[in-house]
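Proteins get letters first, then strands, A, B, ... in listed order; numbering begins at 1 in each.
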Protein chains: 2
Amino acid sequence: MSEPTISAPVPRGRPRSERSHRAILEAANEILEERGFVDLTMDEVAQRGGVSKATIYRWWPTKGMLVFEAFTANFLARQPTPDTGSLRGDLLAALRSWIRTVKGTVTGRTLVGLIAEVQRDPDLAELWRERFVTRVRAQHRLIFDRALGRGEILADVDPDVMLDLLFGSAYHRLLQSHLPLTDRFAQAVVDMMVAGVQSGHAATNGNGKKL
Amino acid sequence: MSEPTISAPVPRGRPRSERSHRAILEAANEILEERGFVDLTMDEVAQRGGVSKATIYRWWPTKGMLVFEAFTANFLARQPTPDTGSLRGDLLAALRSWIRTVKGTVTGRTLVGLIAEVQRDPDLAELWRERFVTRVRAQHRLIFDRALGRGEILADVDPDVMLDLLFGSAYHRLLQSHLPLTDRFAQAVVDMMVAGVQSGHAATNGNGKKL
DNA sequence: AGAATACGATACGTATCGTACCGTAAGGAC
DNA sequence: GTCCTTACGGTACGATACGTATCGTATTCT
């Protein structure tokens, strides 16, 4: 671990208070549960956490960044990608986990609020892509690695397009609220995708042939 | 605007200034082009339109509502659903039109800003669903009516799920910015969907067809 | 003429983000 | 044990921008 070339990070001065760190994140999560992203104010986080706003802003540059951290670990822990033995089972399990996590939950409301904030804050957008989207997608891409290993799909199936179909349609319903995120919806999406890849050369890179 | 009820629409007092009405919408569109939704301020709309803020707020209750109106007509006019003669052609045309409208354009940035605002303002969300989402989807649902008439799909194909797959995946890339909205992407999505409806779901009846 | 409504100008209230500054606390270096 | 460095709580403040309120004026119908 010790790198002689890089300056040794010898901590000087008063160390960061781990207690305040936790208190801030816990207060943020509490307020998110009660009022959601929009109505969470930094003043209240400070007050309820028993810390000063200066301390918050010393470690998190914006409200978005703070909520991002309070949210991410919680969310990621709830998105497993178990090996069910089939592509259809894996896709359905992943989508059902996601729906269970976000539908009618604090986590879902916070996710929506963060996605909205990401559209307004370029710095947060970069963090969002690198520390959330990329991470979740890498995890879910295992589903297609396994399906390829089983011989269920061909190598020309683009996992990125598959992920966009699977979760894009779900995020769509979450954000537009035009229709509910039912289990019937999940099954229909997965059935359509499985039928698509099993028909031969679908979801390739766009050399669509006419049947 | 027009009252279909029994009350005779006899206008009393000074009529609404159509000139101010237009000036407000035009100023809003100009600022949206230059700076986007977040950095559009109501004070500047008033100043540039040569009107008072009171006049704006007399007709639009919030900034979101104003921008919604300035945006909607413009967007809807660019989303035709031409009959290309095949399901694949119709889907591809619709998705390509959408991508052309939003990718790297002011309209796309405004769309993103509005979707973000919709997540923060319940009143705007209702308007958004009723006057935008519902309208666009009704228009695009014609694609599946025609496909059904041609015998390309079975009656058990759910048009709502199909629309969520088609546009959900596209909105996903627009909002998450993890991957670009290429034409290759559009083709892959459409190929996948066409393959899905033509093979898998027909399993119940066993009369999958080829054209 | 008078009632009703819209208009422009402008000041104001409110909310909330993020920063500045203070005196103090907690560690390491010597 | 003293000095230096950094973090802390408390709080005031600046900045921005939404949306409201008020006022005198303008325009139309009755």
Side-chain angles (χ1 to χ4, degrees), chain A residues 7-28 31-32 35-68 70 113-114 116-118 120-124, chain B residues 1 3 7-25 27-28 31-32 34-68 70 113-114 116-118 120-124:
Chain A
S7 66
V10 179
R12 315 237 321 154
R14 177 176 177 174
R16 176 178 191 177
S17 164
E18 215 28 67
R19 189 197 156 284
S20 291
H21 184 133
R22 272 199 309 275
I24 291 167
L25 290 174
E26 285 173 11
I31 301 170
L32 284 175
R35 277 191 280 293
F37 181 92
V38 176
D39 294 327
L40 174 145
T41 70
M42 297 301 258
D43 285 280
E44 190 177 353
V45 173
Q47 186 191 345
R48 195 181 297 207
V51 305
S52 83
K53 269 208 302 179
T55 301
I56 301 177
Y57 279 104
R58 193 187 309 278
W59 301 104
W60 293 277
T62 64
K63 167 180 166 179
M65 300 280 195
L66 170 61
V67 174
F68 171 82
L114 274 171
E117 192 68 10
V118 159
R120 323 173 110 246
D121 181 346
D123 290 331
L124 180 60
Chain B
M1 318 308 180
E3 293 285 343
S7 68
V10 180
R12 313 244 318 158
R14 179 175 175 175
R16 176 177 190 178
S17 164
E18 215 28 66
R19 189 196 157 284
S20 291
H21 185 134
R22 273 199 309 275
I24 292 168
L25 289 174
I31 301 170
L32 283 175
E34 296 170 13
R35 277 191 281 293
F37 182 93
V38 176
D39 295 326
L40 174 146
T41 70
M42 297 300 260
D43 285 281
E44 190 177 354
V45 173
Q47 187 191 344
R48 196 182 296 207
V51 304
S52 83
K53 271 210 299 181
T55 301
I56 302 178
Y57 280 104
R58 192 188 309 277
W59 301 105
W60 293 276
T62 65
K63 167 180 165 179
M65 300 282 194
L66 171 61
V67 174
F68 171 81
L114 273 172
E117 193 68 10
V118 159
R120 324 174 109 245
D121 181 345
D123 290 332
L124 180 60

- Task: In whole angstrom, give the distance that lies between atom CG of D121(A) and atom C1' of dG18(C).
- Result: 13 Å

- Task: Would you mind telling me which residue lines up with the more 5' stretch of DNA chain D, P61(B) or G49(A), judged by nearest nucleotide?
- Result: G49(A)

- Task: Quick one: label I56(B) by what it contacts on the DNA or RNA (base, sugar-phosphate, nothing), any heavy atom closer than 4.0 Å.
- Result: nothing

- Message: Can you see if the side chain of R16(A) gets near the phosphate of dT6(D) - specifically, an N or O under 4.0 Å from OP1 or OP2?
- Response: no

- D39(A) vs V51(B), nearer the 5' end of DNA chain C by closest nucleotide: V51(B)

- Task: Indicate whether OP1 or OP2 belonging to dG8(C) is found under 4.0 Å from a side-chain N or O atom of T55(B).
- Result: yes

- Identify whether NZ of Lys or CZ of Arg in K63(A) sits under 6.0 Å from the centre of the six-membered ring of F37(A) and within 45° of that ring's axis. yes

- Message: Expressed as a whole number of angstroms, how long is the span from Y57(A):OH to dA12(D):P?
- Response: 18 Å

- Task: Could you tell me whether A54(A) contacts a base, only the sugar-phosphate backbone, or nothing, with contacts defined as non-hydrogen atoms closer than 4.0 Å?
- Result: base

- Message: With side chain to side chain contact (heavy atoms under 4.5 Å, CB included) as the test, pick out the partner of V45(B) among L25(B), V67(B), I56(B).
- Response: I56(B)

- Query: OP1 or OP2 of dG9(D) less than 4.0 angstrom from a side-chain nitrogen or oxygen of S20(A), does that happen here?
  - Reply: yes

- Rounded to whole angstroms, how far apart are CD on E44(A) and P on dA15(C)? 14 Å

- Message: Distance check needed: dA26(C) C1' versus E18(A) CD, whole Å only.
- Response: 15 Å

- Item | Nearest-Å distance for atom pair NE2/P, residues H21(B) and dT27(D) | 20 Å

- Can you tell me if CD on E34(B) sees more than 12 non-hydrogen neighbours from other groups inside 6.0 Å? yes

- Select from P15(B) and W59(A) the residue whose nearest nucleotide in DNA chain D is closer to the 5' end of that strand. W59(A)

- Side chain of R12(B): nearest nucleotide among dC8(D), dA4(C), dA17(D)? dA4(C)

- What closest approach, in Å, do E117(A) and G64(A) show between heavy atoms, and which atom pair accounts for it? CG-CA, 4.4 Å

- Item | Nearest-Å distance for atom pair NZ/P, residues K63(B) and dT16(D) | 15 Å

- Message: With hydrogens left out and only the distance checked, is there a donor-acceptor pair under 3.5 Å joining R58(A)'s side chain and the base of dA7(D)?
- Response: no

- Message: Can you tell me whether the side chain of R14(A) and the base of dA7(D) have a donor-acceptor pair closer than 3.5 Å?
- Response: yes

- Exceeds 12 heavy-atom contacts within 6.0 angstrom, atom CZ of R19(B): no

- Query: For the base of dG9(D), is there a side-chain donor-acceptor partner from K53(A) under 3.5 Å away?
  - Reply: no

- W60(B) CH2 to dC18(D) C1', in whole Å, measures 17 Å

- I31(B) CD1 to dA17(D) P, in whole Å, measures 12 Å

- Query: Where do F68(B) and L124(B) come nearest, in terms of heavy atoms and distance?
  - Reply: CB-CD1, 4.1 Å

- Reckon S52(B) has a side-chain N or O less than 4.0 Å from the OP1 or OP2 of dC7(C)? no

